[in-house]
Each structure stands twice: as C-alpha cells, then as structure tokens.
Amino acid sequence: MRQLSSLLQGLARSMALGKERKEEEQGTVLRSSGTLRGEGSETLAAVWSRRGEKGTNQDCSIVWEGFGRQEDTIFSGIFDGHGQWGHYVSKAVRDSLPPSLLCRWQEAVTLASLIDGEKKLCDSQFDLWKQSYLAAAAAVDEELRRSSRLDAVNSGSTALSVVKKGDTMVIANVGDSRAVLGTTSDDGSIAAVQLTVDFKPNLPQEKARIVQCKGRVHCHEDEPGVHRVWLPDREAPGLAMSRAFGDYCVKDYGVISAPEVTQRRIAARDQFVILATDGVWDVVSNEDAVQIVAATADREKAAKRLVQCAVRAWRRKRQGYAVDDCSAICLFLHHSPPS
C-alpha cells in the first residue's frame, strides 16, 4: 500500500510540475495598477498603488484571471514589504507564491481524485486549498531563506490573497494586510464584513507564541499602542506584525509565515472584496472603505479612489508622519449593473 501511495504521489507531482511553467503562460495576469476584466467569469478587478513618503514603494500585487487554466478561477494577491530590502522580498513572494500554490493544489487534486474518487474530491475542496496554501507558503519562505540573491534576514513581506473559484472564495493571510467584503444589508445599504485578522504581535495567541519562543513584544514610549517584536537581548528588529515572509532574524522567536486560511461562499448580496495594505487600513475604517468603493460609479476607478482617499486621510489624521505606501485591489464579484 505504501508503494502504491508513493507511486501516486510521484505521478501527481510529475503532472503538477510539468504543467507549472505552462500554467504561467495561461490566462491574463495583471502585475501593476490598472484593471482586469475576466472573459470567463463575472469578475472585474481594479488595482491601484501609490508610493508613500518613505522612499521606494514596497507594495506590489497580482491578479491572475484563469488561474490554473480554469475560466471561473481568479487569484488576487497583495504584498507589503518592509525593511531595507522589503521591495525585493514582496516582489519575490508575489512571483513565487501563486505558481507554488497552483503546483501543490494540482498535486493534491490529482492525488485525491485517484485515491478517493470524484465525490470525495468535491467534499474536500477547502481542505485541499488549505493544505496547498500551507505547503506553498512554507516552500516560498524556505526558498527566500536559501536565496543567494536576496537578503531577507532583516527584511520581509506580508501576503494576502484570495482565490475565487465559482461561488467560493478561499482567503489566505500572512501579516497585517486586510480583506473586507462589501455586502448588501437587508435594508439595502452596503455593510462591511472583515474577512481576515490583522496579525499584530499583541494578539493574545500571537504574543503567547512569540513569548514562548523567547521573543519579546512591547511598545516604545514614542509609539504608544504600536506593539513590535524584539529579540530577547536587544532592541531589534521591532517588527510590527507577528507573521511574515522573510524576517529570519526573528523566525526562531515566534514569527511565522504560515497563513490563516478561511473560506466563504459568495452570496447574491455580496458585491465586492477589498484587499488592501495597512497603509490604507491605518487611516480608513472598514465601513468607510466599502462606502467609498460602493459610491464609485466607474468600477474601474474604485481602487484608485480608495487609495487617494487614504492618502488624504494620512495628511489629515497623521500630521507629522510620513504617508505610508497605499495599495488596494477591489474585486467585484458579479457583473456590472446596467448603466
């Protein structure tokens, strides 16, 4: 039986790896600000990013329509780098995570269909996505660690992504970017539903893990309320999140790259999902964000308008602070309403 299992695993991996390069050539991929309108789905994605006042824009994103050569599947991801080389780390994660996830998902589906049959496969879709995400994240983080071209010891990146397949969304989050759903309430108004957790170091379960690994979590007097991760014996690196790719100086002290993976069935009243970096959420509430997007008549300009509102809010609410990089993806879940 073990020999059969090994044989099937080898077959699945060969099939998946053999397709990986071809998959990257399929579908439509957007890696910069703009819009992508899916031909085989109801989805429209609007993407916008604006550099802050701290130097290089360390945010980046990707929207991949036809993910896995499936017309009804779209991958959307947003990545926020930090540290001296954070802009390189975020781009490396953006370029590596989607194909790594796809490879592992194809492998998992192949194995499940060979062993359990089609009915069991349908029942276990979310488990397959979750396992694939966890394996892909671990592989990407290890790839970064071993890289001779990229120094990610004191630099890293968040990673927030959504795979929309038919009427189901799988959401995976590493770090403190956030996904928020805009959905219609019973009274016809638009309401905000937060889909992810901001993985800050002071969250009880996150802090407990870090402290158990001998790391420290505390605020500096000049940054009240901003909890950071510190090494046991010195005031470094001061990481403002508990999960990230890279940041190997604190990986032995409780910072992890494992995503939280969740699922949501898309209802008719669910209108759009906003994926945005903390540069947006630090100054714009969930409720205000969905109102901004819902009130934008031209859906293709929704992400740009949200980012512009965030930049103005930084200058109004955080005088004396440099405006952070602000990036957003607005993923519309249904056909545009008739004009």
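If you take CD on E71 and NZ on K165, they are separated by 11.0 Å, rounding to the nearest 0.5 Å. D151 contributes atom CG, which lies 11.5 Å from atom OG of S148 (distance to the nearest 0.5 angstrom). For the atom pair I329 CD1 and T35 OG1, the distance stands at 12.5 Å (nearest 0.5 Å). The structure places CE of M169 at 5.5 Å from CG of L195, a figure rounded to the nearest 0.5 Å. We find the OG1-CD distance between T28 and E65 to be 6.5 Å, quoted to the nearest 0.5 Å. Here SG of C330 is found 13.5 Å from NZ of K304. Values are rounded to the nearest 0.5 Å.
Side-chain atoms of H87 and F79, non-hydrogen and from C-beta on, never get closer than 4.5 Å to each other. Between L144 and L150, the closest side-chain pair of non-hydrogen atoms falls below 4.5 Å. Within the 4.5 Å cutoff, the side chain of V261 has no heavy atoms near those of the I171 side chain. With contacts defined as side-chain heavy-atom distances shorter than 4.5 Å, the pair S185/S189 qualifies. The shortest distance between side-chain heavy atoms of K200 and S242 does not fall below 4.5 Å. The side-chain heavy atoms of D198 and W281, taken from C-beta on, include no pair separated by under 4.5 Å. P237 has its side chain out of reach of R228: every pair of non-hydrogen atoms, C-beta onward, lies at least 4.5 Å apart. Looking at V93 and V174, their side chains never come closer than 4.5 Å, going by heavy atoms from C-beta outward.
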Side chain to side chain contact (heavy atoms under 4.5 Å, CB included) between L102 and F67, intermediate numbers included = CA-CA 8 Å; L102 182 55; F67 187 60; 3.7 Å; yes

R104 vs E107, salt bridge (charged side-chain N to carboxylate O under 4.0 Å, His left out): CA-CA, chis, key distance, verdict = CA-CA 5 Å; R104 282 156 180 80; E107 176 184 347; 6.0 Å; no

Chi angles and distances behind the side chain to side chain contact (heavy atoms under 4.5 Å, CB included) call for L128, V109 = CA-CA 7 Å; L128 296 180; V109 169; 4.1 Å; yes

request  = Give the C-alpha distance, both sets of side-chain angles, the deciding distance and a yes or no for side chain to side chain contact (heavy atoms under 4.5 Å, CB included) between L30 and I62.
outcome  = CA-CA 6 Å; L30 177 65; I62 183 172; over 6 Å; no

task = Show your reasoning for whether side chain to side chain contact (heavy atoms under 4.5 Å, CB included) applies to D270 and V193.
result = CA-CA 10 Å; D270 296 339; V193 178; over 6 Å; no

query = Between E143 and S96, does a side chain to side chain donor-acceptor pair (under 3.5 Å) hold up when you go through it step by step?
reply = CA-CA 9 Å; E143 178 184 325; S96 296; 3.3 Å; yes

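Salt-bridge formation is detected for the pair E206/R209: a Lys NZ or Arg NE/NH1/NH2 atom is positioned less than 4.0 Å from an Asp or Glu carboxylate oxygen. Salt-bridge check for E260 with R243: failed, with every basic side-chain N at 4.0 Å or more from each acidic carboxylate O. Between R37 and E300 there is a salt bridge, since a side-chain N of the basic residue sits under 4.0 Å from a carboxylate O of the acidic one. For the pair D278 and R178, the salt-bridge criterion is not met [side-chain N within less than 4.0 Å of a carboxylate O]. Between R50 and D325 there is no salt bridge, since none of the side-chain N atoms of the basic residue sits less than 4.0 Å from a carboxylate O of the acidic one. Salt bridge R31/D95: present, at least one basic N to carboxylate O contact under 4.0 Å.
Contact detail for F245 and A137: the closest heavy-atom pair is CE2-O, 3.3 Å. The two residues V290 and G182 have their closest heavy-atom pair at CG1-CA, 4.0 Å. Nearest heavy atoms, A179 versus T196: N-OG1, 3.0 Å. I78 and A276 make their closest contact through CD1-CA, 4.1 Å (heavy atoms, listed as atom of the first residue, atom of the second, distance). In terms of heavy-atom proximity, L306 sits nearest to A328 at CD2-CB, 4.0 Å. The two residues A244 and V255 make their nearest non-hydrogen contact at N-CG1, 4.2 Å.
Between the S147 side chain and the R149 main chain, a donor and an acceptor come within less than 3.5 Å of each other. Checking side-chain atoms of S155 against main-chain N and O of Q84 turns up a donor-acceptor pair under 3.5 Å. With hydrogens and angles ignored, the 3.5 Å screen pairs no side-chain donor or acceptor of Q70 with any backbone N or O of D72. Although no hydrogens or angles enter the test, the distance criterion places a donor-acceptor pair under 3.5 Å between the side chain of Y248 and the main chain of R145. With hydrogens and angles disregarded, a donor-acceptor distance shorter than 3.5 Å links the side chain of Q291 to the backbone of I190. In this structure, S124 contributes its side chain and D127 its backbone to no donor-acceptor pair below 3.5 Å. Of the possible donor and acceptor atoms, one in the side chain of R216 sits under 3.5 Å from a partner among the backbone N and O of R234.
No path of Ile, Leu, Val, Met, Phe, Trp and Tyr side chains, each step under 4.5 Å between heavy atoms, connects V229 with V153, placing them in separate hydrophobic clusters. Hydrophobic clustering, with ILVMFWY side chains joined whenever heavy atoms are under 4.5 angstrom apart, keeps M241 apart from W85. Grouping the Ile, Leu, Val, Met, Phe, Trp and Tyr side chains by contacts below 4.5 angstrom, directly or via other members, places V250 apart from V226. Hydrophobic clustering (side-chain heavy atoms under 4.5 Å, transitive across Ile, Leu, Val, Met, Phe, Trp, Tyr) keeps L134 apart from I256. Under a hydrophobic-cluster definition in which Ile, Leu, Val, Met, Phe, Trp and Tyr are linked whenever side-chain heavy atoms come within less than 4.5 Å, directly or via other members, L231 and V217 are assigned to the same cluster.
Legend: residues meeting ring-ring contact (aromatic ring centres under 6.0 Å, His included) with Y133, ordered by chain and number and at least two apart, are absent. Qualifying ring-ring contact (aromatic ring centres under 6.0 Å, His included) partners for W105, counting only residues two or more places apart in sequence or in other chains: W129. Applying the salt bridge (charged side-chain N to carboxylate O under 4.0 Å, His left out) test to R269 and every residue at least two apart in sequence or in another chain returns D186.
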Compile the donor-acceptor pairs under 3.5 Å between side chains in residues 309-323 and protein atoms, sequence neighbours left out, one pair per line.
unit_1	atom_1	unit_2	atom_2	d
W314	NE1	G279	O	2.7
K317	NZ	V283	O	2.8

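Annotation for V197: hydrophobic cluster partners, listed by chain and number, are F199, L203 (ILVMFWY side-chain heavy atoms under 4.5 Å, direct or chained).
Around atom NZ of K91, more than 12 heavy atoms belonging to other residues, nucleotides or ligands sit under 6.0 Å away. Shown here is R51, whose CZ atom has no more than 12 heavy atoms of other residues, nucleotides or ligands within 6.0 Å.
The aromatic rings of H218 and W230 sit parallel to each other, their planes meeting at less than 30°, with 60° as the upper class boundary.
In this model, no donor atom of one side chain and acceptor atom of the other lie less than 3.5 Å apart for D80 and S177. In this model, no donor atom of one side chain and acceptor atom of the other lie less than 3.5 Å apart for S90 and R94.
Between S49 and the choices N57, D59, T277, the side chain to side chain donor-acceptor pair (under 3.5 Å) rule is met once, by N57.
Residue pairs meeting the salt bridge (charged side-chain N to carboxylate O under 4.0 Å, His left out) criterion with at least one member in residues 245-259, sequence neighbours excluded: D141-K251.
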